[in-house]
Amino acid sequence: MKTVSFVPEMHESDEPGDREEAVAYFTMEIGLTAEIPTYSGGLGVLAGDTTRAAADLGMPMIAVTLLYRHGYFRQQLDEDGNQTEGPVEWKPEEVLRPVSKRVTVEIEGREVAVRAWRHTVEGVFGNHVNVLFLDTDLEENDPWDRTLTDNLYGGDLRYRLAQETVLGIGGVKLLEALGLNGNLIYHMNEGHSALLALGLLEQKLGEQGPREVSEEEIDWVRGRCVFTTHTPVPAGHDKFDWNLVARILGPRRTRTLEDLSCRHDGMLNMTYLALRFSRYVNGVALRHGEISSDMFPEYPIDSITNGAAVEMWTSEPFAELFSKHIPEWRHDNLYLRYALRIPLEEMLEAHRQAKQALLDEVARRTSIELDPDALTIGFARRATEYKRTNLLFSDLDRLRRIVKKVGPLQVLYAGKAHPRDEGGKQMIRNVFAAAKELGEDLPVIYLEDYDIALAKYLVSGVDLWLNTPMKPHEASGTSGMKAAFNGVPSLSVLDGWWLEGHIEEITGWAIGDREEVSDPAAERADLYDTLQHKIMPLYYEHPLDYACVGRYSIAYNGSFFNTQRMVEQYGKSAYYQVILDENDGEGSDVERDQHR
Ligand SMILES: *Cc1c(COP(=O)(O)O)cnc(C)c1O
């Protein structure tokens, strides 16, 4: 196994030509560890898990993101579930290493200085992926410019567009300053970083100043960019009013964007910008790819289904179990297929330990002692309306009857609502209200301040992972994958990844049908029916059979819905294959295979 060390300013084994082109992965947020609070949810955790898998595979990659000195936010909930937000206390200087190169980016006519910090992700074989965190908090900058890398998804549209300018254009310039341009494939993780295309174009045009951009120059940029869209509904795509664009980016860039027909309905739509400048585009699950193709019929859109990083999300008891029965699991997640050889009794014991660790953590945080023998349901994700946090509570009487008839249930919730998402905040209050009403009949706990550390406990320690998104809003979803690594089956609406991972009563259970749009009444009824007649009887009367569902979750879903497989697919379909296509002209599949 060759070692690839891709460290800017440390070109130990960095010999161009002896390896494939490196990937510059641009992302507005990234979830690496609980100590680096620069993520809000699934998009960021996916980015972090992507760098982990790239490091595992020795794929040369460098990630670019923003620093966020105040993180996303710290969530506090009062006794009625009212959320208040505080800044996250962290000292980047203590967690990250400084990068000496600096660049400037023009924003509102001012030259804004940008520096960077570095975190290194290490893979199973000791290969590295570096993550660069751009930072504008420098003395020479204007007071407002200094705040640009303070808050993730905070501030108004002016603030956001300025941030995206720092990320896209500043990121491209910094990589150039580090001597890395010319040998990079630029991956836009969602449209937030689409201005990198403009940055590349400026790089190409050089000092020549404003002039018409030729098709060849556009192709040059397109040849270098790939784009992953994550949002299945039009409202979710970043858009900026043209006046704001002119103000932030200045007349020259605005004219270029206009010349390149990047103005849609008087707005700069970051998804269209990314589509226009990417040679390869994908959605994050099969269904999501189809929906994106319908939304943007003028562009070919492929699908690469998301994953999660197996080692990152596997609890210690299961990691030990895997090491005992499947020693290859860390370096090649495909081997999880052989989880089928793990004795069910050992599965049960490992899960008992993971569950106890979760219940201990709950007791430490809330002083509430939950019952280790009660079927424990987990629901943790961003609190926003389409996730329907309260679907389980739509009929409290029915829930009470189920518990009386079949056995005890307890539910653990977690998730932050965006500070301006009133609907999301209301859902948290609704969970608190339901918890009060249910009282001792069915303990419900909403844990504060959902983050990576808490997610690790939850996805591994509960008995059932619940997901109730309104279709077709869940582009992929990843927390159910993390649960699967730990032998925790899902009960979920058939949207996103679950359409691909679900085999009824084998890997878990479905809520509702496979139609593209939700039928809320049918899904409510199905949720209760499935719990009462399928899941709870299995859990209480046939624990080994229940563990068997967990084992299939690992074998069928853990072996596939992981970021090692996902990054390999990006390698084959997005990063490297397409270059061969272009070079080979009309090359047949066979020729391409030989080339690989
Ligand atoms: C995995 C994860 C998410 C994403 O969960 P979904 O099921 O995709 O909504 C969000 N937040 C944290 C902290 C996570 O670990």
Side-chain angles (χ1 to χ4, degrees), residues 27 29-50 52 71-75 88 152-153 189-190 228 230-232 236 283-285 288 305-315 358 377-389 391 412-418 421 424 427 447-462 464-486 488-502 508 511 557 561-563 566:
T27 184
E29 53 170 306
I30 193 162
L32 291 161
T33 68
E35 288 69 45
I36 306 177
T38 62
Y39 61 94
S40 84
L43 184 73
V45 174
L46 176 80
D49 283 4
T50 299
R52 275 183 269 274
Y72 184 43
F73 66 85
R74 217 174 76 74
Q75 177 195 50
V88 185
L152 172 59
Y153 305 142
N189 184 42
E190 188 55 305
T228 301
H230 292 261
T231 318
V284 291
H288 177 241
T305 301
N306 279 345
V310 175
E311 188 175 9
M312 165 82 179
W313 295 105
T314 300
S315 69
L358 166 66
I377 299 176
F379 186 106
R381 46 187 54 82
R382 285 181 305 119
T384 190
E385 271 174 301
Y386 85 81
K387 300 268 191 182
R388 291 192 295 186
T389 310
L391 197 72
L412 289 169
Y413 274 95
K416 298 173 181 175
H418 184 277
D421 183 354
M427 288 200 320
L447 296 160
E448 269 179 344
D449 213 31
Y450 185 45
D451 68 353
I452 286 176
L454 180 55
K456 282 190 188 181
Y457 282 107
L458 284 166
V459 297
S460 60
V462 299
L464 181 68
W465 195 249
L466 177 67
N467 194 14
T468 53
M470 186 75 131
K471 292 190 286 187
H473 286 247
E474 186 92 320
S476 167
T478 51
S479 57
M481 304 172 182
K482 303 168 194 167
F485 303 158
N486 292 284
V488 173
S490 281
L491 166 60
S492 173
V493 166
L494 285 164
D495 202 11
W497 84 280
W498 192 233
L499 278 163
E500 300 164 41
H502 160 261
I511 301 170
N557 288 342
F561 295 100
N562 60 71
T563 37
M566 182 194 82

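Counting starts at 1 for both ligands and their atoms, in listed order. The structure presented is a predicted model; accordingly, all values stated were derived computationally and were not measured.
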Pairs meeting criterion salt bridge (Lys or Arg N to Asp or Glu O under 4.0 Å) with involvement of residues 468-478, two or more places apart: Lys387-Glu474, Lys471-Asp513
Please produce the table of protein N or O atoms sitting under 3.5 Å from N or O atoms belonging to ligand 1, one pair a line, distance to 0.1 Å.
unit_1: ligand 1; atom_1: 7 (O); unit_2: Ser479; atom_2: N; d: 3.1
unit_1: ligand 1; atom_1: 7 (O); unit_2: Ser479; atom_2: OG; d: 2.4
unit_1: ligand 1; atom_1: 8 (O); unit_2: Thr478; atom_2: N; d: 2.8
unit_1: ligand 1; atom_1: 8 (O); unit_2: Thr478; atom_2: OG1; d: 3.4
unit_1: ligand 1; atom_1: 9 (O); unit_2: Lys387; atom_2: NZ; d: 2.8
unit_1: ligand 1; atom_1: 15 (O); unit_2: Lys482; atom_2: NZ; d: 2.6

Residues in side chain to side chain donor-acceptor pair (under 3.5 Å) contact with His418, at least two apart in sequence or another chain: none
Residue pairs fulfilling side chain to side chain donor-acceptor pair (under 3.5 Å) with at least one residue in residues 488-501, sequence neighbours excluded: Thr305-Glu500
Polar side-chain atom of Gln75 near backbone of Asp449 as donor-acceptor pair, under 3.5 Å: yes
Check: Asp49 side chain, Ala308 main-chain N or O, donor-acceptor pair, under 3.5 Å: no
Worked verdict on Asn189 versus Thr27 for side-chain hydrogen bond (donor to acceptor under 3.5 Å, both in side chains): CA-CA 5 Å; Asn189 184 42; Thr27 184; 3.0 Å; yes
